[in-house]
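Worksheet for the structure shown next.
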Number of protein chains: 2
Amino acid sequence: MPPALPLDADCRPDCPIAAAGEVLSGKWTTLIFRDLFGGTRRYSQLQASLAGISPRILADRLRMLEERGLVHRRVIPSVPPKTEYSLTDWGRRIEPVLVALAGFGQMVQGIGARA
Amino acid sequence: MPPALPLDADCRPDCPIAAAGEVLSGKWTTLIFRDLFGGTRRYSQLQASLAGISPRILADRLRMLEERGLVHRRVIPSVPPKTEYSLTDWGRRIEPVLVALAGFGQMVQGIGARA
DNA sequence: GTAACTACTTCACTTAGTGAAGTAAATTTC
DNA sequence: GAAATTTACTTCACTAAGTGAAGTAGTTAC
């Protein structure tokens with residue numbers, strides 16, 4: 001039985017895996033999705049959770065994801081103003097990727113433990 | 001019903017998603033897996049398929065994946081010698097990630113078409 | 001008036017990736 | 001027998017991406 005989606009090299013030039021890779025480019029994007037999958041988060045919460053991320057990169061990634069319609073940004077007019085980020089309906093469709101990555105990552109951790 | 005694998009921010013410090021991200025780091029790694037998922041490939045075949053990859057990066061990634069036990073490297077003692085790369089049993093377990101990425105990528109392409 | 005708070009931006013620096021060129025060794029071509 | 005070919009890389013100079021410390025803006029608490 002062939003796979004449900006084309007995984008072979010012939011999926012170019014409009015390869016969906018490459019398209020996903022463009023959205024998930026950079027070290028931090030999947031981890032931002034992971035955190036937002038847990039619910040709405042503020043900028044400072046994301047920065048604390050993503051230990052080591054540069055504020056510039058966090059702002060860049062959030063802006064990119066918002067432009068693509070995967071993340072919603074909401075400014076709360078308090079003092080000082082706060083910003084909330086959450087996944088859109090489109091963004092929530094990253095879930096199967098995160099689940100698959102978590103499964104693969106657990107396997108990789110298992111290899112590392114025995115190596 | 002909670003997700004089968006921990007997707008929330010509390011999955012640190014040994015977050016399996018972050019572990020997967022380390023293996024799949026860089027622009028090209030998932031595309032190398034995609035190509036090798038289609039079967040054994042030679043270095044020159046991968047270089048042709050991954051249009052634009054630098055030979056240094058291709059060699060680096062293949063070496064990293066071999067060291068992690070996800071890719072098998074076989075030198076054929078012909079003249080000039082050829083090198084074949086294939087997925088190991090561990091490496092083949094990337095399949096669910098590729099399938100999920102392909103599904104997400106198709107959705108992203110769909111968004112792009114209407115934006 | 002000084003400090004604190006939040007969400008950033010700016011800037012100098014390091015790391016990752018690019019792409020053209022070079023290497024090695026045998027083998028076919030002239 | 002000298003030159004060109006083939007494959008899998010390596011080297012090197014350059015550009016892009018990411019880091020991390022510091023700064024900014026506007027308001028309120030002291």
Side-chain angles (χ1 to χ4, degrees), chain A residues 9 12 15 17-36 39-68 71-87, chain B residues 9 12 15 17-36 39-68 71-87:
Chain A
R12 281 172 316 266
C15 174
I17 296 180
E22 282 179 27
V23 174
L24 300 179
S25 67
K27 291 173 57 171
W28 298 102
T29 311
T30 56
L31 299 178
I32 291 173
F33 273 112
R34 176 200 64 187
D35 283 5
L36 292 183
T40 298
R41 296 282 186 272
R42 296 221 321 268
Y43 179 90
S44 54
Q45 290 180 297
L46 291 171
Q47 194 172 13
S49 165
L50 304 167
I53 195 173
S54 163
R56 164 165 149 62
I57 296 301
L58 179 54
D60 282 357
R61 289 298 164 271
L62 289 169
R63 187 161 32 236
M64 180 268 284
L65 294 175
E66 191 198 2
E67 283 169 3
R68 287 177 185 267
V71 160
H72 177 68
R73 179 189 139 121
R74 175 176 162 241
V75 177
I76 302 171
S78 61
V79 174
K82 297 172 185 174
T83 316
E84 271 183 0
Y85 294 93
S86 55
L87 293 181
Chain B
R12 283 172 316 267
C15 174
I17 296 179
E22 283 179 26
V23 174
L24 299 179
S25 66
K27 291 172 59 171
W28 298 102
T29 310
T30 56
L31 299 178
I32 291 173
F33 272 112
R34 176 201 65 186
D35 283 4
L36 291 183
T40 299
R41 295 284 185 272
R42 296 224 320 269
Y43 179 90
S44 54
Q45 290 180 299
L46 292 171
Q47 193 172 12
S49 165
L50 304 167
I53 194 174
S54 164
R56 164 166 148 62
I57 297 301
L58 179 54
D60 282 358
R61 290 297 164 271
L62 289 170
R63 190 162 27 237
M64 180 268 283
L65 294 175
E66 191 198 0
E67 282 169 4
R68 287 179 185 267
V71 160
H72 177 67
R73 178 189 137 119
R74 175 176 163 241
V75 178
I76 303 172
S78 60
V79 175
K82 298 171 183 173
T83 316
E84 272 183 1
Y85 294 93
S86 54
L87 293 181

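Because only heavy atoms are used, hydrogens play no part in the values below, and waters and symmetry mates are left out as well, while side chains stay in.
Counting heavy atoms from C-beta on, the side chains of A:S86 and A:R74 never come closer than 4.5 Å. A 4.5 Å side-chain heavy-atom check between A:L58 and A:I32 finds at least one atom pair inside the cut-off. Within the 4.5 Å cutoff, the side chain of A:L36 has heavy atoms near those of the A:Y85 side chain. Counting heavy atoms from C-beta on, the side chains of A:T30 and A:F33 never come closer than 4.5 Å. At a threshold of 4.5 Å between non-hydrogen side-chain atoms, the residues B:L62 and B:L46 count as touching.
Whole-Å rounding puts the B:Y43 OH to C:dA24 C1' distance at 15 Å. Rounding to whole angstrom units, CG of residue B:L62 and P of D:dC9 are separated by 8 Å. When rounded to the nearest whole Å, the span between CD of A:Q47 and C1' of C:dT9 equals 12 Å. The CD1 atom of B:I53 sits 7 Å away from the P atom of C:dT18 (whole-angstrom rounding). Atom C1' of nucleotide C:dT10 and atom CG of A:D60 are separated by 12 Å, given to the nearest angstrom. When rounded to the nearest whole Å, the span between CD1 of B:I32 and P of C:dG17 equals 11 Å. Whole-Å rounding puts the B:L58 CG to C:dA20 C1' distance at 16 Å. As a whole-Å value, the separation of B:E84 CD from D:dT7 C1' is 13 Å.
B:Y85 has a side-chain polar atom (N or O) that falls below the 4.0 Å cut-off from OP1 or OP2 of D:dC9. For the OP1/OP2 pair of C:dC8 and a distance below 4.0 Å, the side-chain nitrogens and oxygens of A:T83 include at least one atom meeting the criterion. Between A:R42 and C:dC8 there is no side-chain polar atom (N or O) within less than 4.0 angstrom of OP1 or OP2.
Between B:V75 and B:P81, the shortest heavy-atom contact is CG1-CB, 4.4 Å. The nearest pair of heavy atoms linking A:P55 to A:Q47 is CB-NE2, 3.7 Å.
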Next item on the list: Give the intermediate values and the outcome of side chain to side chain contact (heavy atoms under 4.5 Å, CB included) for residues B:I76 and B:E84.
Entry: CA-CA 7 Å; B:I76 303 172; B:E84 272 183 1; 3.5 Å; yes
Next item on the list: Would you check, one step at a time, whether the test side chain to side chain contact (heavy atoms under 4.5 Å, CB included) holds for B:R34 with B:L50?
Entry: CA-CA 10 Å; B:R34 176 201 65 186; B:L50 304 167; 4.0 Å; yes
Please list each protein N or O that sits under 3.5 Å from an N or O in nucleotides 14-18 of chain D, with the distance.
residue	atom	partner	partner atom	Å
D:dG18	OP1	A:R61	NH2	3.4
D:dG18	OP2	A:R61	NH2	2.3

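Closest to the B:P80 side chain, of the nucleotides C:dA7, D:dT6, D:dT10, is D:dT6.
Nucleic acid contact for B:P81: sugar-phosphate only, since backbone atoms but no base atoms lie under 4.0 Å from a heavy atom of the residue.
In the helix from C:dG1-D:dC30 to C:dC30-D:dG1, the terminal helix axes, each the rotation mapping four pairs' C1' atoms onto the next four within five end pairs, subtend 30°, rounded to 10°.
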